[in-house]
2 protein chains.
Amino acid sequence: MTKTPQKYNYAVIATDIAIFTMQNEQLKVLLIKMKKAPYTGSWALPGGLIKGDENLDDAAERILLDKAGLSHVYLEQLYTFGRVDRDPFGRVVSVSYFALIPNSGITPKTSSEYSEIAWFSVKNLPKLAYDHKEIVQAAIQRLQSKLSYTNIIYGLLPKEFTLGELQTIYEIILGKKLDKRNFRKKILSLKLVKKLNRKKSTGPNRPAELYCFTQSKPQLVDIL
Amino acid sequence: MTKTPQKYNYAVIATDIAIFTMQNEQLKVLLIKMKKAPYTGSWALPGGLIKGDENLDDAAERILLDKAGLSHVYLEQLYTFGRVDRDPFGRVVSVSYFALIPNSGITPKTSSEYSEIAWFSVKNLPKLAYDHKEIVQAAIQRLQSKLSYTNIIYGLLPKEFTLGELQTIYEIILGKKLDKRNFRKKILSLKLVKKLNRKKSTGPNRPAELYCFTQSKPQLVDIL
DNA sequence: TCAAAAGTGTTCATGATACACCCATGT
DNA sequence: ACATGGGTGTATCATGAACACTTTTGA
């Protein structure tokens with residue numbers, strides 16, 4: 001067995017990451033404005049090439065750190081996109097990931113590789129480079145379905161939160177209203193969260209109890 | 001942007017396919033015995049390299065046809081395995097797939113690339129080359145979970161089958177007994193199958209009604 | 001005192017589970 | 001006649017769905 005490029009068809013392996021957060025009652029995804037031709041000025045998912053001595057997951061983590069300054073967030077492999085013509089540069093196979101981060105008001109900064117970086121509501125996306133639209137759609141769908149049978153929503157919330165905030169996130173991502181009493185009954189019966197016995201005042205209304213998650217590892221739970 | 005191998009790290013893209021069928025009341029996976037070093041004599045999943053001008057799904061279909069003589073079967077992308085050291089040959093990223101085929105007693109033939117090909121019960125697998133054990137496990141897990149929320153079991157059954165056969169497959173793959181009456185009630189209420197008004201005699205017992213699927217496209221259905 | 005979100009139980013409908021006997025056939 | 005798998009219905013239980021008022025606070 002020899003390494004003959006003519007015989008074995010090499011490809012560039014890239015990874016693109018759909019990074020989600022909640023802001024202003026909206027599900028948002030992080031996009032960067034590209035400098036490189038032929039997509040100069042287009043918005044795209046943060047991504048990059050995988051190094052020769054780098055595992056796929058490590059590459060995704062590195063890119064998350066480099067482009068968004070994030071680490072220790074929920075990250076999972078999504079799907080691999082490899083249409084022959086998906087990148088005008090040549091054969092590039094993208095192993096896509098999706099990540100969840102709590103809304104900490106982070107606005108990652110620009111770098112030499114891209115001219116702008118910003119959060120976009122998934123309801124109002126600009127035109128995206130490559131097949132990134134498809135990737136975002138796949139990520140949203142995965143997120144929606146995983147919300148109903150796992151506890152990964154913890155990835156979108158800060159350490160402390162109220163049950164109202166929790167419910168709102170479900171409602172926004174799933175795109176439907178939930179009954180407050182039934183929702184609380186379910187969440188509490190699953191013992192996913194515990195009461196901190198502290199309250200959060202948010203305005204001219206009754207302060208809400210603060211809760212935290214009892215688990216911060218992904219697990220299967222029948223939520224909705 | 002230039003194609004400089006030193007700068008952009010190229011990798012070989014492969015695909016490996018976990019092909020499942022039911023035989024003798026067992027879930028089986030198709031394996032080949034390798035000729036190539038350093039895994040000479042080891043069993044492995046059927047797989048191959050993706051060509052430069054070939055989409056990922058097309059490559060998987062091609063390999064399914066070449067190695068197992070199969071086409072028009074249920075096939076879905078599973079996961080992408082890319083540990084740096086997963087292949088002693090060098091950097092090979094494997095986009096794995098899983099496929100379901102009806103038990104037609106097919107025993108695919110050997111070829112120049114491998115010395116043997118055979119079905120193995122997933123309960124009794126030999127040692128596998130590369131990280132193929134991990135791939136098989138991921139495939140089984142995906143199959144198990146998809147059985148309960150989709151109709152993909154149609155991929156494992158012939159055109160005509162009895163409800164008893166259908167139930168047995170569920171029981172084997174899920175690893176638990178199901179109540180006959182409840183199972184039939186559920187399957188029939190979902191209108192996934194229709195009666196053919198023909199019977200199948202299988203021995204010294206009452207002949208069973210034959211059914212066929214009403215759909216042979218994957219769809220979400222709440223089965224179990 | 002008013003507006004705004006938090007918090008709390010019960011009833012009802014639906015679906016899941018448990019369960020046992022007769023039927024049709026080949027040997 | 002007997003052994004074997006096929007086929008059928010009902011009662012109970014658990015879970016999900018619908019639903020409205022009181023509480024606490026800041027302005």
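Lettering follows sequence order; numbering is per chain, from 1.
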A/Gln167 and A/Glu171: side-chain donor and acceptor closer than 3.5 Å? yes
Within the 3.5 Å criterion, strictly below it, is a donor on A/Ser96 or A/Asp16 matched to an acceptor on the partner's side chain? no
Contacting residues from residues 167-181 of chain B, given that a heavy atom lies under 4.0 angstrom of DNA chain D: B/Lys180, B/Arg181
Name the residue closer to the 5' end of DNA chain D, choosing between B/Glu165 and A/Asp222 according to the nucleotide with the nearest heavy atom. B/Glu165
Take atom [atom1] of [X] and atom [atom2] of [N], then tell me their distance rounded to the nearest Å.
| X | N | atom1 | atom2 | answer |
| --- | --- | --- | --- | --- |
| A/Leu166 | C/dA6 | CG | P | 12 Å |
| B/Asn182 | C/dG15 | CG | P | 14 Å |
| B/Leu188 | D/dT8 | CG | P | 8 Å |
| B/Lys186 | C/dT14 | NZ | C1' | 12 Å |
| B/Leu190 | C/dG15 | CG | P | 11 Å |
| B/Ile187 | D/dT8 | CD1 | C1' | 17 Å |

Can you tell me which residue among A/Ile63, A/Ile135, A/Leu56 is in a side chain to side chain contact (heavy atoms under 4.5 Å, CB included) with A/Tyr97? A/Leu56
Under a 4.0 Å heavy-atom cut-off, which of residues 198-213 of chain B touch DNA chain C? B/Gly203, B/Pro204, B/Asn205, B/Arg206, B/Pro207
Tell me whether the rings of B/Phe120 and B/Trp43 are parallel (<30°), tilted (30 to 60°) or perpendicular (>60°). perpendicular
Which of parallel (below 30°), tilted (30 to 60°) and perpendicular (above 60°) describes A/Tyr74 and A/Tyr154? perpendicular
For residues B/Leu75 and B/Glu61, report the shortest heavy-atom separation together with the two atoms involved. CD2-CG, 3.6 Å
Nearest-nucleotide pick for B/Arg184, side chain only, options being C/dG9, C/dA16, D/dG6: D/dG6
For B/Lys185, report the nucleic acid contact type (base, sugar-phosphate, nothing); a contact means any heavy atom under 4.0 Å. base
Aromatic ring proximity A/Tyr39/A/Tyr130, centre distance under 6.0 Å: yes
Would you confirm whether B/Asn151, through its side chain, and B/Lys217, through its main-chain N or O, come within 3.5 Å as a donor-acceptor pair? yes
Let me see the working for B/Phe183 and B/Tyr170 under ring pair (Phe, Tyr, Trp, His ring centres under 6.0 Å), right down to the final yes or no. CA-CA 10 Å; B/Phe183 177 79; B/Tyr170 273 105; 5.6 Å; yes
